[in-house]
Protein chains: 4
Amino acid sequence: MKLKDSNKENAIIEQTLDIVYETGIAGVKMSKLAKRVGISPSTLYVYFETKEDLIVSVARRILKNIAAGLESVLAESTSFENKLRAKWIHMVQFTINHEKEINFMDQWKRSPYFDKNIFKEMKDGFKMKMMLFQEGRDSGYLKDLDDNIIHAIMAGIANQTVTLIKAGHLQMNQSTLDLTFSIIRDALKR
Amino acid sequence: MKLKDSNKENAIIEQTLDIVYETGIAGVKMSKLAKRVGISPSTLYVYFETKEDLIVSVARRILKNIAAGLESVLAESTSFENKLRAKWIHMVQFTINHEKEINFMDQWKRSPYFDKNIFKEMKDGFKMKMMLFQEGRDSGYLKDLDDNIIHAIMAGIANQTVTLIKAGHLQMNQSTLDLTFSIIRDALKR
Amino acid sequence: MKLKDSNKENAIIEQTLDIVYETGIAGVKMSKLAKRVGISPSTLYVYFETKEDLIVSVARRILKNIAAGLESVLAESTSFENKLRAKWIHMVQFTINHEKEINFMDQWKRSPYFDKNIFKEMKDGFKMKMMLFQEGRDSGYLKDLDDNIIHAIMAGIANQTVTLIKAGHLQMNQSTLDLTFSIIRDALKR
Amino acid sequence: MKLKDSNKENAIIEQTLDIVYETGIAGVKMSKLAKRVGISPSTLYVYFETKEDLIVSVARRILKNIAAGLESVLAESTSFENKLRAKWIHMVQFTINHEKEINFMDQWKRSPYFDKNIFKEMKDGFKMKMMLFQEGRDSGYLKDLDDNIIHAIMAGIANQTVTLIKAGHLQMNQSTLDLTFSIIRDALKR
DNA sequence: CATGAATGAGCGTTCATTCAT
DNA sequence: TATGAATGAACGCTCATTCAT
């Protein structure tokens with residue numbers, strides 16, 4: 001008995017990400033996708049019940065990957081500022097390295113396939129990132145700001161930083177990271 | 001001889017904005033749009049040659065409105081910090097009051113209907129906003145940062161602020177504006 | 001009280017002929033036609049009840065013109081062969097000079113607007129041309145062929161001659177007329 | 001796995017020919033065609049990419065058939081006149097037996113779907129038919145006329161003959177063939 | 001008589017999904 | 001499991017004609 005080929009499933013998801021990156025979520029056509037994966041359109045339906053199921057599955061997988069990627073890092077740095085700096089660098093690099101995934105989530109949120117319930121799963125996966133901020137407030141380093149606000153400021157500036165890098169107004173190097181982190185620090189430091 | 005009803009053109013654009021806000025740019029169907037405006041689908045083609053023409057016309061009109069909205073403001077404030085604060089409040093309020101327009105532009109940029117040439121028309125209208133930053137640098141108030149970076153930081157935080165307000169994590173009041181401006185100021189002040 | 005402007009009616013018919021010549025009978029669009037004439041689409045309906053009425057009216061007018069054009073000629077030539085030659089030259093020249101009209105009739109016959117009843121009017125207008133052939137048979141010059149056959153042969157060769165001229169394989173000059181007439185004469189002479 | 005049914009493709013082409021014969025090329029509507037074939041309109045697009053592709057495919061098939069039909073014939077007749085007579089009979093019969101195809105080609109040439117490049121493919125297939133005329137001129141039987149003119153005369157009269165047959169003015173029998181051939185012979189013989 | 005706006009009916013085409021093997 | 005054919009439902013758009021002035 002042949003089982004579903006998980007390589008094939010991965011290939012489908014990979015191509016979906018690529019197509020969304022190239023042509024937007026509305027550019028995902030089941031037959032075009034099948035052709036790029038090298039299978040028949042009807043075979044897609046062996047792996048995903050509907051197109052919506054496919055899109056949502058891609059979103060769910062990305063959420064898992066993002067959550068996993070955000071956990072690691074920091075830990076052994078000594079000072080809090082070093083930890084915050086490490087987190088900042090990680091955020092910027094992550095935003096750059098996962099262009100396609102971030103782009104997908106961006107588009108998914110505004111698409112007819114968006115499902116709020118699934119989106120909430122992400123929130124939980126993000127809980128732990130906040131513990132760092134609590135430590136910063138407790139040690140008197142950070143302003144007394146809500147976790148959401150602190151994260152929002154960092155995320156907002158990270159997004160814009162990456163936009164400026166992609167537009168050529170900034171370069172992805174140490175000096176840019178230093179510059180932007182100094183802004184973050186000034187913004188958040190008590 | 002029946003005259004073209006300019007209210008009808010406005011109504012079409014208004015409904016288009018609403019539909020994009022509700023269902024994304026891919027959710028704009030000429031027949032659905034016509035039904036919401038209360039006209040026949042073919043009448044849409046009296047006012048706009050194609051669907052693309054419609055979308056681009058909406059974008060063009062928004063660009064004009066944004067440019068117009070950015071001109072007024074400030075001027076009479078005394079200190080530079082007051083001018084910057086006024087600009088910040090204006091940015092947040094504008095982002096909130098023009099939700100649909102901003103959402104439309106966001107989606108348009110990633111849609112098949114996007115036309116770079118039209119987008120460039122906007123750039124010129126935005127030149128003047130940068131003069132404020134020059135004044136801030138000259139007076140020694142602002143860090144020596146590129147105009148684009150300063151604007152990106154303010155815009156990034158403004159977007160996130162509005163997101164938090166809409167999510168209920170913040171309220172649109174004076175204390176929120178004071179809080180967020182203090183962050184902006186700390187981030188940008190020399 | 002203003003009456004229907006017959007210049008306008010002529011202009012409509014003229015433009016219809018031109019459009020059919022340029023783009024075929026399926027290329028006749030009431031609004032495009034109106035624009036070319038310089039009037040409003042609805043004004044067309046002052047002069048012609050429907051599109052079919054327009055097309056049929058053009059056909060009917062052409063039939064009248066053809067019938068009129070075929071009457072004149074000959075008469076004073078002495079020998080029958082000279083009369084036949086005159087008729088032949090007239091046929092070729094007519095075919096060339098009335099390209100648009102002939103093209104229209106050709107297309108009309110195969111179009112959804114064709115009406116056999118109107119077409120029969122032509123037959124009557126063509127009756128007189130046959131008298132010449134009767135004279136030819138009576139005088140022993142022509143083979144004993146049916147009028148329709150004689151006319152068909154001349155018309156068939158005239159059409160092909162014009163086609164060859166337009167394709168550049170022949171030139172419209174005396175020698176071509178002499179050559180082709182000699183073929184006609186040999187084909188029909190007893 | 002369902003296999004593509006080549007009878008279905010044939011049926012589509014057959015019905016297209018019929019519809020063009022009945023209502024002209026402008027009368028070919030994809031939905032009407034589908035209904036007559038007994039399939040869904042969208043199934044048409046499994047076999048032909050667009051309406052234009054369908055029309056051009058029909059034309060291309062006809063050109064192949066015509067070229068194939070012109071090759072066989074003659075060869076074994078003894079005298080040149082017998083060969084010419086055989087060719088004439090073949091032309092008339094072919095014109096009658098392929099009414100729909102000839103009508104289609106006639107209309108296609110004036111339609112928006114016409115493609116000169118495809119038409120040129122035919123020209124080559126027609127080269128061989130001319131060799132007969134060269135033989136006729138060499139042997140002193142035919143007048144010294146250009147190949148195109150000879151063929152044009154025969155084709156023009158063949159067309160008109162068939163028109164007269166269809167109109168009931170002639171009957172498709174030996175005596176008609178003899179009569180018309182005698183006209184052809186007199187027209188072309190030196 | 002003249003007009004520009006308005007429209008219903010219909011067209012060619014696309015595409016997610018199901019069918020039949 | 002895997003497939004290519006088949007399709008219904010929709011979409012963007014056109015156009016002859018009518019409406020309202």
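For the numbers below, each heavy atom of this structure counts, side chains included, while hydrogens, waters and symmetry mates do not. Everything numeric here is computed off the predicted structure, so don't read it as measured data. Below, chain A is the first sequence line, B the second, and so on; all start at residue 1.
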(request) Write down the distance between CD (D/E9) and P (F/dA6), rounded to a whole number of angstrom. (result) 11 Å
(message) Within this structure, what is the CD-CZ distance for the pair D/E101 and D/R61, rounded to the nearest 0.5 Å?
(response) 10.5 Å
(message) Rounded at 0.5 Å granularity, tell me how far CD1 in D/I12 sits from OG in D/S57.
(response) 10.0 Å
(request) Working to the nearest 0.5 Å, report the span between CG of A/L54 and CD of A/E9. (result) 9.5 Å
(request) Look at A/T43 and F/dT3 and indicate whether a side-chain polar atom (N or O) is within less than 4.0 Å of OP1 or OP2. (result) yes
(request) Provide, to the nearest angstrom, the distance between the NZ atom belonging to B/K35 and the C1' atom belonging to F/dC11. (result) 13 Å
(request) Figure out the CG/C1' separation between A/N7 and F/dT1, and round it to whole Å. (result) 15 Å
(message) Tell me the interatomic distance from C/L54, atom CG, to F/dC15, atom P, rounded to whole angstroms.
(response) 16 Å
(message) Can you tell me which nucleotide in F/dA2, E/dT3, E/dA6 comes closest to the side chain of B/V46?
(response) E/dA6
(request) Quick one: do C/I102 and C/I62 satisfy side chain to side chain contact (heavy atoms under 4.5 Å, CB included)? Show the steps, please. (result) CA-CA 9 Å; C/I102 290 170; C/I62 291 175; over 6 Å; no
(request) In sequence, state the C-alpha distance, the side-chain angles, and the governing distance for C/R110 and C/I25, and then conclude on side chain to side chain contact (heavy atoms under 4.5 Å, CB included). (result) CA-CA 10 Å; C/R110 305 173 197 264; C/I25 216 167; over 6 Å; no
(request) Between B/I39 and C/L44, name the one whose nearest nucleotide on DNA chain E is closer to the 5' end. (result) C/L44
(request) Considering just the side-chain nitrogens and oxygens of B/K8, establish if one lies under 4.0 Å of OP1 or OP2 belonging to E/dA6. (result) yes
(request) Evaluate the side-chain proximity of D/T43 to D/Y47: yes if any heavy-atom separation is below 4.5 Å, no if none is. (result) yes
(request) Could you summarise the pairing of DNA chain E as dot-bracket text, marking Watson-Crick and G-U pairs under 3.5 Å with ( ) or [ ] inside the strand and | across strands? (result) .||||||||||||||||||||
(message) If you count every heavy atom of other residues, nucleotides or ligands that lies below 6.0 Å from A/K35 atom NZ, does the total exceed 12?
(response) no
List every contact pair, protein side and nucleotides 11-15 of chain E side both N or O, where the distance is under 3.5 Å.
{"from": "E/dG12", "atom 1": "OP1", "to": "D/V28", "atom 2": "O", "distance (Å)": "3.3"}
{"from": "E/dG12", "atom 1": "OP1", "to": "D/K51", "atom 2": "NZ", "distance (Å)": "2.8"}
{"from": "E/dG12", "atom 1": "OP2", "to": "D/M30", "atom 2": "N", "distance (Å)": "2.8"}
{"from": "E/dT13", "atom 1": "OP2", "to": "D/Y45", "atom 2": "OH", "distance (Å)": "2.7"}
{"from": "E/dT13", "atom 1": "OP2", "to": "D/K51", "atom 2": "N", "distance (Å)": "2.8"}
{"from": "E/dT13", "atom 1": "O5'", "to": "D/Y45", "atom 2": "OH", "distance (Å)": "3.4"}
{"from": "E/dC15", "atom 1": "OP1", "to": "A/K29", "atom 2": "NZ", "distance (Å)": "2.4"}

(message) Using whole Å, what does the distance between atom C1' of nucleotide F/dA5 and atom CD1 of D/I12 come to?
(response) 12 Å
(request) With sequence neighbours excluded, tell me which residues meet salt bridge (Lys or Arg N to Asp or Glu O under 4.0 Å) with C/E49. (result) none
(message) Measure OH/D/Y47 against C1'/F/dG4 and give the value in whole Å, please.
(response) 10 Å
(request) Check each of A/I13, A/V58, A/T16, A/I55 against A/F48 using the side-chain contact (heavy atoms from CB on, under 4.5 Å) test, and report the only one that passes. (result) A/I13
